[in-house]
Number of protein chains: 2
Amino acid sequence: MHMGRRSSAATITEVARAAEVSAATVSRVFNNRFVGDPTVAERVRRVAGELAYTPNHTARSLALGKTRAVALVVPDLANPAFQAILSSLSKAASRDGYRVLVADSEESAVDEPLLVDEVRRRCDAVVLCAPRMPDADLLSVAARLEPLVLINRPSPRIDAPSLSIDYGSGIRDLAQHLYELGHRHIVFLEGPPGSLSNRQRLDGLAAFAHQVGDVRLERRPGGVSTEDGVATAERVMATGATAVLAFNDLVAIGLLDGLHRLGARVPQDISVSGFDDIPFAKYTTPPLTTASVPNTELGTQAWHRMRALLRGEEPDHNLVFEPRVELRDSTAPPARGRGRITD
Amino acid sequence: MHMGRRSSAATITEVARAAEVSAATVSRVFNNRFVGDPTVAERVRRVAGELAYTPNHTARSLALGKTRAVALVVPDLANPAFQAILSSLSKAASRDGYRVLVADSEESAVDEPLLVDEVRRRCDAVVLCAPRMPDADLLSVAARLEPLVLINRPSPRIDAPSLSIDYGSGIRDLAQHLYELGHRHIVFLEGPPGSLSNRQRLDGLAAFAHQVGDVRLERRPGGVSTEDGVATAERVMATGATAVLAFNDLVAIGLLDGLHRLGARVPQDISVSGFDDIPFAKYTTPPLTTASVPNTELGTQAWHRMRALLRGEEPDHNLVFEPRVELRDSTAPPARGRGRITD
DNA sequence: CTATACCGAGAAACCGCTTTCTCCTAGCCT
DNA sequence: AGGCTAGGAGAAAGCGGTTTCTCGGTATAG
């Protein structure tokens, strides 16, 4: 199917004919590899201009074996945390002439290997954010994917640059903060059970509980979105806890809303903390105490690693960002009469 | 430069040789155009599986003359309004096997024509969100761009489906709401002077002022981001107005914060409204009165138009969404002693 | 003045896949 | 049984570039 003679888009052959040179020469002129008679180059340029010639990107990609595009795979494009990564990655990549193709796996870990394979074929590399992909899948897929940069998915057995967040330390710091405020009964709203970052939070929390001893830490299924957070409000109140660690800011914000509707006051009746420090966390009612995660920096650094890989250079060292606790108004000492260890 | 013999990626020729058929046959099998001996098809499939063959997307695109990708060009990927469009567009497109390439013009209207041209060459079509591109530029690029879908940029002289928001009616409704609350001195925080949507707001406001008569409407330069909003707080207070219409939610949220720092209470001392109804608008302090804009729906509808175009079908009619006022707590009747018409 | 090196630019091969064109073979009809 | 038809699959010609290879011509050296 050879494209019904388009009226538009001049080809290199047409330019060559019009300029009375060979296609090779036109190609050389356009790639600054032309060394001969300057008047020839000039003529080619002029004719190309007249014909509004512009090299066909696909043909070029095929001949060159590179597309100058990379894919970004994320579990949920609607999540501000991933949007921040996308936005900064895209900006950084574009400065080097690369474009990014987005792929939203829509939280479906099972389809991810296929998605990732499909998307990889369309570009030169992939930046993968797959917190929930089983290790086995990741391992099997990683080889076919390279160049590959992993986000939030450190994996010692995979030879790919990795940027991640130390969720364990972040949640620990948050818990420590609540503890110092006087809370002794805290509930953690879990994220997706299979997710690595959920695992890390759980581990961090377990270590914390073990260390301080006199704290009651419960976990409850939460979710990842604002709606999920709203839905947990009743369950949270039912625990009788004086503070809650939400899986992320979205859940925390939803929870704030849900609690408000139930008539519970934050932080007087119950303290709430989030995770990520999305841009709006400081504008919630009340402003949300959370662990700040540098997603924008993450995107930029991911690009640096990727660029090195694409150039065949040695990428910088892997990075683990330590979240920083942002103290705001959604956490406060527990009210008297609540928060006693009840069992 | 014929790619230093990659160890990976089997080619159709290799599969053909291994399966003892021609490349044409392999191609036909993979495209379900094979009608001959089923055992041949089976053998091809098996061999392809063994070799982990997967058709080269670029080569396919070149032969077919289509990439199955579309570009989305937006002025600022960090803005939740555009993120919503991207997210929904991407989801919708992926259901039809298309991917989206993002391009962030970083608010630079002058580079947009080049950017848009570049990005168009890489894919089959573009969804353009260019509120600030001069009409002349848009007109000149539009022809080269098609298939093209325009967002927030209705242009009667361009033959491309267009989805837009009636910013004029939205801001008018918001102003009307403030007026009914008793406000008679309102300040409008302008967005980018060259932007069409700013123009529409200005016109809507002018029509409103003319209609009601006894209202003092001032305009002040604002901006588009949260930071811009923070920075305007003092200027806003200096006007002595009792209510402010921010260009968008981001500015409104920033303003809320700025006012808070100045010790001004919202809505007691001054009412604030936003525009867009981004997901977080209802969680601000206080919850933000705003005009809701269906960005997610916009993205989905944009894809429907685009799909029709790509299939050579007639796209659905153009759409203009009317924003809907979302009454929340950031607006209230003015305090006594403020809001009198002072000149 | 001729042999050699060099230089500029075109011819041709190739990137990997699709599709038209063509050919060969087997089946059918008379 | 022979001629015709249809169907299956390969050869080849693109798609639009890039790059190697090659060759004719000029300049330089002996």
Side-chain angles (χ1 to χ4, degrees), chain A residues 1-45 47-48 51-68 120-124, chain B residues 1-45 47-48 51-68 120-124:
Chain A
M1 191 246 276
H2 296 144
M3 296 195 283
R5 280 262 121 324
R6 80 242 146 285
S7 49
S8 50
T11 71
I12 199 173
T13 314
E14 292 167 0
V15 173
R17 183 160 41 238
E20 300 182 295
V21 296
S22 71
T25 296
V26 177
S27 173
R28 288 192 267 252
V29 168
F30 268 75
N31 292 288
N32 297 315
R33 292 203 199 320
F34 185 81
V35 285
D37 185 349
T39 65
V40 170
E42 191 37 52
R43 187 169 76 240
V44 168
R45 266 189 257 276
V47 170
L51 266 50
Y53 167 71
T54 179
N56 178 309
H57 186 81
T58 306
R60 206 150 184 278
S61 295
L62 179 60
L64 257 21
K66 47 190 59 175
T67 64
R68 291 187 80 79
R120 169 64 179 85
R121 269 178 255 130
R122 294 169 162 264
C123 32
D124 301 341
Chain B
M1 193 247 277
H2 295 144
M3 296 194 283
R5 281 266 117 324
R6 78 243 145 282
S7 49
S8 52
T11 71
I12 199 173
T13 315
E14 292 168 0
V15 172
R17 185 161 38 235
E20 301 183 293
V21 296
S22 71
T25 297
V26 178
S27 172
R28 288 191 267 252
V29 169
F30 268 76
N31 293 288
N32 296 316
R33 292 206 197 320
F34 185 80
V35 284
D37 185 349
T39 67
V40 170
E42 193 37 54
R43 189 170 74 240
V44 168
R45 265 188 260 276
V47 170
L51 268 49
Y53 168 70
T54 180
N56 177 307
H57 185 81
T58 306
R60 205 150 185 279
S61 295
L62 179 59
L64 256 22
K66 47 190 57 175
T67 64
R68 292 187 81 78
R120 169 63 179 86
R121 266 178 257 130
R122 295 170 162 263
C123 37
D124 301 341

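What you are looking at is a predicted structure, and each value in this text was computed from that prediction instead of being measured. A, B, ... follow the sequence lines: proteins, then strands. Residue 1 opens every chain.
Mapping A:Ala59 and A:Glu20 onto DNA chain C by nearest heavy atom places A:Glu20 closer to the 5' end of the strand. Comparing A:Val21 and B:Thr58 by the nucleotide of DNA chain C whose heavy atom lies nearest to each, the residue mapping closer to the 5' end is A:Val21.
The side chain of A:Asn56 lies closest to D:dG16, out of D:dG16, C:dC17, C:dG10. The nucleotide whose nearest atom lies closest to any side-chain atom of B:Tyr53 is, among C:dC17, D:dT18, D:dG16, C:dC17.
Comparing the axis of the opening five pairs of the helix from C:dC1-D:dG30 to C:dT30-D:dA1 with that of the closing five pairs yields an angle of 60°, rounded to 10°.
Within residues 24-33 of chain B, the residues having any heavy atom under 4.0 Å from DNA chain D are, by residue number, B:Ala24, B:Thr25, B:Arg28.
Spacing between atom CZ of A:Arg17 and atom P of D:dG16 amounts to 12 Å, rounded to whole angstrom units. To the nearest angstrom, P of C:dA11 lies 14 Å from CD1 of A:Ile12. Atom CZ in A:Arg122 sits about 15 Å away from atom P in C:dC17, given to the nearest Å. Rounded to whole angstrom, the span from the CG atom of A:Leu62 across to the P atom of D:dG16 amounts to 12 Å. Per the geometry, CD belonging to B:Glu42 stands 17 Å off P belonging to D:dG8, to the nearest Å. Note: NZ (B:Lys66) to P (C:dG16) measures 23 Å, nearest angstrom. Whole-Å rounding puts the B:Leu64 CG to C:dC17 C1' distance at 9 Å. The CZ-P distance, from B:Arg121 to D:dG17, rounds to 11 Å in whole Å.
Contact check, A:Arg60 against D:dG16: no side-chain N or O comes under 4.0 Å of OP1 or OP2. At least one side-chain nitrogen or oxygen of A:Ser22 sits closer than 4.0 Å to the OP1 or OP2 atom of C:dG10.
Annotation for A:Glu14 and A:Ala9: closest pair OE1-O, 4.3 Å, computed over non-hydrogen atoms. Between B:Ala18 and B:Leu51, the shortest heavy-atom distance links the atoms CB-CD2, 4.2 Å. Summarising the geometry of B:Thr11 relative to B:Tyr53, their closest heavy-atom pair is C-CE1, 3.6 Å, with the distance given to 0.1 Å.
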Distances under 3.5 Å between protein N/O atoms and the N/O atoms of nucleotides 25-27 of chain D, please, pair by pair.
none

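Using a 4.5 Å heavy-atom cutoff, the side chains of B:Pro55 and B:Ile12 are not in contact.
With sequence neighbours left out, the salt bridge (charged side-chain N to carboxylate O under 4.0 Å, His left out) criterion links A:Arg45 to no other residue. Listed by chain and number, the residues in a side chain to side chain donor-acceptor pair (under 3.5 Å) with B:Thr54 are A:Arg121 (sequence neighbours excluded). Among residues two or more places apart in sequence or in another chain, the side chain to side chain donor-acceptor pair (under 3.5 Å) test is passed with B:Thr58 by none.
Using modelled atom types, one side-chain atom of A:His57 and one backbone atom of A:Thr67 make a donor-acceptor pair closer than 3.5 Å. Remark: side-chain polar atoms of B:Arg60 are not paired, donor with acceptor, to backbone N or O of B:Ala63 under 3.5 angstrom. At least one donor-acceptor pair under 3.5 Å links the side chain of B:Arg43 to the backbone N or O of B:Ala19. No donor-acceptor distance shorter than 3.5 angstrom exists from the side chain of B:Asp124 to the backbone of B:Lys66, with no hydrogens or angles considered.
Under a cut-off of 6.0 angstrom, the local environment of CD in A:Glu42 is crowded, with over 12 non-hydrogen atoms contributed by other residues, nucleotides or ligands.
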